[in-house]
Amino acid sequence: MGLEVPLLDLKAQYAAIKDDVLRATTGVIERQEFIMGREVGELETAVAGLSRARHGVGCASGTDALLLLLWTLDLKPGDQVIAPAFTFFATAGTIHNTGGTPVLVDIDPATFNVQPEALEAAITPRTRAIVVVDLFGQMAPLERILPLAQRHGLPVLEDAAQAIGARRLIDGTWRIAGELPWAGAFSFFPSKNLGAWGDGGMIVTQDDALAGRLRKLRLHGGAKQYHHDEVGTNSRLDTLQAAVLLAKLPHLARWSAARRERAARYTAAFTGHAEIVPPAVGPANEHIFHQYTIRVPRRDELLAQLRAQGIGCAVYYPLGLHLQPCFAYLGFRPGSLPATEDATRSVLSLPVYPELSDAQQDAVIETVQEFFG
Ligand SMILES: Cc1ncc(COP(=O)(O)O)c(C=O)c1O
């Protein structure tokens, strides 16, 4: 076995920022201010600022960010929410859990993001909202989705769990993830580009009334303790996690730029290999490469070969949400969403973290190239 190359190296990140992050968390510990401490508000302001949104509302996870937002739609049985089938489970699981029926649609095979045509074709009189996902860190084509949603009077929820800080050039202006839709949802799961030391999430929105309602819903439905305007839940962002995230936030743009450089280096090496399809990035996109995902034939064999060489890699995602056993009631069959199913058979995500060295990356490139001869 050659050089070890993990899929992600959070220990290397920690070593680089240890003093700052320990100082930030020690401050919280010394004040013993674990619940809704001042760092939570500071992070909300900072993330809202980054996303050019009027409000940031911290919550317990990316899943809860989606859940709280969908909850505000007061979905009734039979109400439909459209979402792509090729994404992390939470995108559709939260629709189900808030009483809606997920209507799953296919993706654009080049970018892995939702196909606007498929989305529009799925709209019915029962449609209540559209969830788009900025998969792997590249923004969905909002310039096409937002106008069609507006024509049908539907709110758009941007699942930007993987895309904090990603940008897209729309009508000549760079727009950032979370800026344009009804609301955006971020995850601070530890492996994300901006990751906490546990679970965490945040909603961003321009809508004052929505932000006010969300701030109550995450505190059992009451702005004032022991007084409840409606039934909410406990979904707070821990002060300790907010402190970790505040210490990491100044590094985010540089980390994402380093991921882009790593991605460009892979793409340069793989371009021209008939069997390796690098991820497509439109010129109108600043991808943050939460994942660098290639498409290849004999994917499982390549995965085994990489792992045998000590190289971390993963399949995001091996099964479309439309074919998950828990969604059998939606009535999809194999072949229903061909681009999603094709992606599930061919995708492979390679190590793309900022601290990845040239030597480590070369080991990945050589193994992939040798595999295909
Ligand atoms: C696209 C997408 N949506 C939602 C989530 C849920 O976020 P969390 O794991 O913080 O609950 C994730 C992250 O894991 C994700 O990748």
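Model, not experiment: these values are computed from the prediction. As the structure lists them, so they are numbered: ligands from 1, and atoms in each ligand from 1.
Relative ring orientation between His220 and His228 is described as perpendicular, the plane-to-plane angle rising above 60° on a 0-90° scale split at 30° and 60°. Ring pair Trp197/Tyr14 is perpendicular by interplanar angle, where above 60° counts as perpendicular and below 30° as parallel. Ring geometry, Phe86 versus Tyr317: the interplanar angle exceeds 60°, so the pair is classed perpendicular (tilted spans 30 to 60°).
Considering Asn193, Leu43, Asp199 in turn, Leu43 is the only one that fulfils the side-chain contact (heavy atoms from CB on, under 4.5 Å) rule with Phe188.
Only the side chain of Thr87 comes within contact range of ligand 1, with a heavy atom under 4.0 Å; no backbone atom does.
Phe371 has its ring centre no less than 6.0 Å from the ring centre of His273. Between Phe332 and Phe327, the gap from one ring centroid to the other reaches at least 6.0 Å.
Closest protein heavy atom to atom 12 (C) of ligand 1: Phe88 CD2, 3.4 Å. For atom 15 (C) of ligand 1, the closest non-hydrogen atom on the protein side is Ala161 CB, 3.5 Å. Nearest protein heavy-atom contact of atom 14 (O) of ligand 1 is Lys192 NZ, 2.9 Å.
When the options Ala90, Ser187, Pro84 are ranked by their closest heavy atom to atom 7 (O) of ligand 1, first place goes to Ser187. The closest heavy-atom contact to atom 11 (O) of ligand 1, among the options Val133, Thr94, Asp159, Thr63, comes from Thr63.
Between the side chains of Arg262 and Gln361, at least one donor N or O sits under 3.5 Å from an acceptor N or O.
Numbered from 1 in the order shown, with element, the atoms of ligand 1 that lie under 4.0 Å from a heavy atom of Gly62 read 6 (C), 7 (O), 8 (P), 10 (O), 11 (O). Taking every non-hydrogen atom of Gln162 and a distance limit under 4.0 Å, the qualifying atoms of ligand 1 come out as 1 (C), 15 (C), 16 (O).
Within the structure, the closest approach of His290 to ligand 1 does not fall below 4.0 Å when heavy atoms are considered.
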